[in-house]
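All residue numbers in this chain count up from 1 along the given sequence.
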Amino acid sequence: MAKKAVLIGCNYPGTKIELRGCINDARRMHDCLIERYGFSDDDIAVLIDTDNSCIQPTGKNIRSAIKKMVRSAEPGDVLFVHYSGHGTRLPAETGDADDTGYDECIVPSDMNLIIDEDFREFVKEVPRGCRITIVADSCHSGGLIRDAKEQIGDSTNTKVQEQGRHHQDSSSSFGFRRFLLETMEEAIESRGIHIPSAFRHSRRRRHEEEDNEEEEEDEEERDMEDGIVKNRSLPLSTLIEMLKQKTGKDDIDVGKLRLTLFDIFKEDASPKVKKFIKFVFNKLQHHGGGESEEQEGGLLGMVGSLALKFLKHKLHENEGYAEPAMETHVDNNQEVYAGGRTDSVVDGGILMSGCQSDQKSADASPSGNSAKAYGAFSNAIQIIIQETDAQVTNQELVLKARKLLKSQGFAQEPGLYCSDHHLYQTFVC
């Protein structure tokens, strides 16, 4: 039986989204796997962005490392992935009525987002009889393995499901009205215009009373008695700003995020992003590309029309522009929609998320000391492993972590996603 791991830490040094504890999380888990679980250093790939001698945690490198591990696995092997870094959510862009949710993502060092469906595909390739555990210490990490069964948490349970059913008649968290309001806010802020918190709070009271969200208290960084705490969430407005800096282009907007990611990374972009490009391209080809602005709005919606115009312009410059996307297989539109679910359930993997899909995970620096910084969830895991001498089940670990984080003053609620038979198995192996 082989034991293999991919450990990823993104501190984003020198950027406005810099974190302090992610590299420490990766290093602590590296030592833990060797000392507690019998892993060999040769079978652990470490991707961090603070040491140029290490493999950099770019989107391409992360995908390559996980794919290499999965494809080399044999029945009986133990596979493990730990990610510490920023998380974000991409909202719907097609404008179709069914596209009303979000795609949860992790944020590699180069902003080449890895989407929840990508993790689903990683897990699907794991050989039968082989176990893969994924720990995601990032914001919006609940449900990061799309279609895995939620055992602990409420990211995909009744509340969210009810919101999904009522999105056309209400302003729930997956409603298109709320999506439009959020994209308008993000678009405004991406241009450097600040929206007063009073307006945000007033709008949320009107449209989100059932969610009871208190995001007006969610500062990016805050002082606590024992040090500095920063959340590991990448707002869309900040993502847009960083993509502008990366490309030197000032016309990036919320409705062009997936197109921009494809434009930058081409064949190295997320398969979900390439599926979106293919979707828009096919609509463009089907309708002949001769629509007026009003017709374009009806074709793909207010946001989707931005994508249509962007792609038309790129195709005019380069006829082969969409080729990397056209090679991507798409079974149905559901694979393209943000938040879209398939009929099949993924049961080969175990996901432990640092928080729910609508929550944020904490990056803590005790006494402001970066050398001792950590992710709140990653730190909780290490404490529990030490207290239990590594004899703890997946279910016990997440329940204990919830209790511990609450006692430490953190609001995040870790989640567990796996099939029933993985629930009582020992963590990692």
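Applying the ring-ring contact (aromatic ring centres under 6.0 Å, His included) rule to pairs touching residues 105-133 yields Phe119-Phe122, sequence neighbours excluded.
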- Task: Evaluate the criterion side-chain hydrogen bond (donor to acceptor under 3.5 Å, both in side chains) for residue pair His421 and Gln425; output intermediate values, then yes/no.
- Result: CA-CA 7 Å; His421 64 278; Gln425 289 181 334; 5.6 Å; no

- Item | Test log, rule side-chain contact (heavy atoms from CB on, under 4.5 Å), inputs Tyr83 and Val107 | CA-CA 10 Å; Tyr83 170 76; Val107 184; 4.3 Å; yes

- Stepwise salt bridge (charged side-chain N to carboxylate O under 4.0 Å, His left out) check, Glu335 with Lys272: CA-CA 8 Å; Glu335 295 182 4; Lys272 181 71 176 285; over 6 Å; no

- Query: side-chain contact (heavy atoms from CB on, under 4.5 Å) between Val336 and Val330: does it pass, once the steps are laid out?
  - Reply: CA-CA 8 Å; Val336 178; Val330 181; 4.1 Å; yes

- Check step by step if side-chain contact (heavy atoms from CB on, under 4.5 Å) holds for Lys406 and Glu413. CA-CA 8 Å; Lys406 185 176 181 180; Glu413 299 172 310; over 6 Å; no

- Message: Set out, in order, the CA-CA distance, both residues' side-chain angles and the distance that settles side-chain hydrogen bond (donor to acceptor under 3.5 Å, both in side chains) for Asp118 and Ser270, then state yes or no.
- Response: CA-CA 7 Å; Asp118 300 345; Ser270 162; 2.8 Å; yes

- Show your working on side-chain hydrogen bond (donor to acceptor under 3.5 Å, both in side chains) between Thr58 and Asn61 and close with a plain yes or no. CA-CA 5 Å; Thr58 63; Asn61 288 344; 3.2 Å; yes

- Message: Apply side-chain hydrogen bond (donor to acceptor under 3.5 Å, both in side chains) to residues Glu18 and Tyr12 and explain how you reach the verdict.
- Response: CA-CA 5 Å; Glu18 185 169 2; Tyr12 317 95; over 6 Å; no

- Stepwise, does the side-chain contact (heavy atoms from CB on, under 4.5 Å) test hold for Tyr417 with Ser155? CA-CA 10 Å; Tyr417 300 77; Ser155 291; 3.2 Å; yes

- Item | Trace of the salt bridge (charged side-chain N to carboxylate O under 4.0 Å, His left out) decision for Lys274 with Glu327 | CA-CA 9 Å; Lys274 289 187 280 190; Glu327 297 172 358; over 6 Å; no

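Ion pairing between Lys3 and Asp41 fails under the 4.0 Å rule for side-chain N and carboxylate O. With respect to Arg232 and Asp137, a salt bridge is recorded, a charged nitrogen being found less than 4.0 Å from a carboxylate O.
Residue Leu261 holds its CG atom at 8.5 Å from SG of Cys105, rounded to the nearest 0.5 Å. Interatomic distance, CG of Leu257 versus CZ of Phe276, reported as 9.5 Å (0.5 Å rounding). Summarising the geometry, atom CD1 belonging to Ile8 is positioned 4.5 Å from atom CD1 belonging to Ile62; distances are rounded to the nearest 0.5 Å. Within the model, atoms OG1 of Thr15 and NE2 of His86 stand 6.5 Å from one another, a figure rounded to the nearest 0.5 Å. To the nearest 0.5 Å, atoms CD1 (Ile240) and OG1 (Thr260) are separated by 8.5 Å. With rounding to the nearest 0.5 angstrom, the OG1 atom of Thr328 is 14.5 Å from the CZ atom of Phe279.
Within the 4.5 Å cutoff, no side-chain heavy atoms of Phe80 are placed close to those of Ile44. Using a 4.5 Å heavy-atom threshold, the side chains of His140 and Gln359 count as separate. Considering only heavy atoms from C-beta on, Ser141 comes within 4.5 Å of Cys355 through its side chain.
Take Glu323 and apply the side chain to side chain donor-acceptor pair (under 3.5 Å) test, not counting sequence neighbours, and it matches no residue. Applying the side chain to side chain donor-acceptor pair (under 3.5 Å) rule to Glu74 yields no partners; only residues at least two apart in sequence or on another chain are considered. For Asn379, the side chain to side chain donor-acceptor pair (under 3.5 Å) partners two or more places apart in sequence, or in a different chain, are Arg28. Residues that satisfy the side chain to side chain contact (heavy atoms under 4.5 Å, CB included) test with Leu315, not counting sequence neighbours, are Phe281, Leu284, Leu311, Tyr321, Ala322. Applying the salt bridge (charged side-chain N to carboxylate O under 4.0 Å, His left out) test to Lys249 and every residue at least two apart in sequence or in another chain returns Asp263. Judged as a salt bridge (charged side-chain N to carboxylate O under 4.0 Å, His left out), and not counting sequence neighbours, Lys278 has no contacts. Applying the salt bridge (charged side-chain N to carboxylate O under 4.0 Å, His left out) rule to Glu267 yields no partners; only residues at least two apart in sequence or on another chain are considered. Listed by chain and residue number, Asp42, Asp43 satisfy the side chain to side chain contact (heavy atoms under 4.5 Å, CB included) test with Ser40 (two or more places apart in sequence, or in another chain). When the side chain to side chain contact (heavy atoms under 4.5 Å, CB included) test is applied to Asp420, the partners found at least two apart in sequence or on another chain are Lys149, Gln151. Evaluation of the side chain to side chain donor-acceptor pair (under 3.5 Å) rule for Arg128 yields no partner, not counting sequence neighbours. Looking at residues two or more places apart in sequence or on another chain, you find a side chain to side chain contact (heavy atoms under 4.5 Å, CB included) between Ala364 and Val229, Tyr374, Phe410.
Counted within 6.0 Å of CG on Asp251, heavy atoms from surrounding residues, nucleotides or ligands total more than 12; the atom is thus considered enclosed. The local environment of NZ in Lys266 is crowded, with over 12 non-hydrogen atoms from other residues, nucleotides or ligands closer than 6.0 Å.
In terms of modelled atom types and a separation under 3.5 Å, the side chain of Gln56 and the main chain of Cys54 share a donor-acceptor contact. Formation of a donor-acceptor pair under 3.5 Å by the Asp363 side chain with backbone atoms of Arg20 is found in this model. In this structure, Tyr337 contributes its side chain and Gly101 its backbone to no donor-acceptor pair below 3.5 Å. Distance alone, capped at 3.5 Å, is enough to place a donor-acceptor pair between the Thr88 side chain and the Leu234 backbone. Listed for the Ser378 side chain is no donor-acceptor partner under 3.5 Å among the backbone atoms of Gly375. Of the possible donor and acceptor atoms, none in the side chain of Asp268 sits under 3.5 Å from a partner among the backbone N and O of Gly59. A distance-only check finds no donor-acceptor pair linking the side chain of Ser64 to the backbone of Lys60 [under 3.5 Å]. A donor-acceptor distance shorter than 3.5 angstrom exists from the side chain of Gln412 to the backbone of Ala362, with no hydrogens or angles considered. A donor-acceptor contact shorter than 3.5 Å links the side chain of Asp77 to the backbone of Ala2. Side chain of Gln356 to backbone of Asp154: a donor-acceptor contact under 3.5 angstrom is found.
Inspection of the Asp49 and Ser109 side chains reveals no N or O donor paired with an N or O acceptor under 3.5 Å. His422 and Thr133 share no side-chain donor-acceptor pair at under 3.5 Å.
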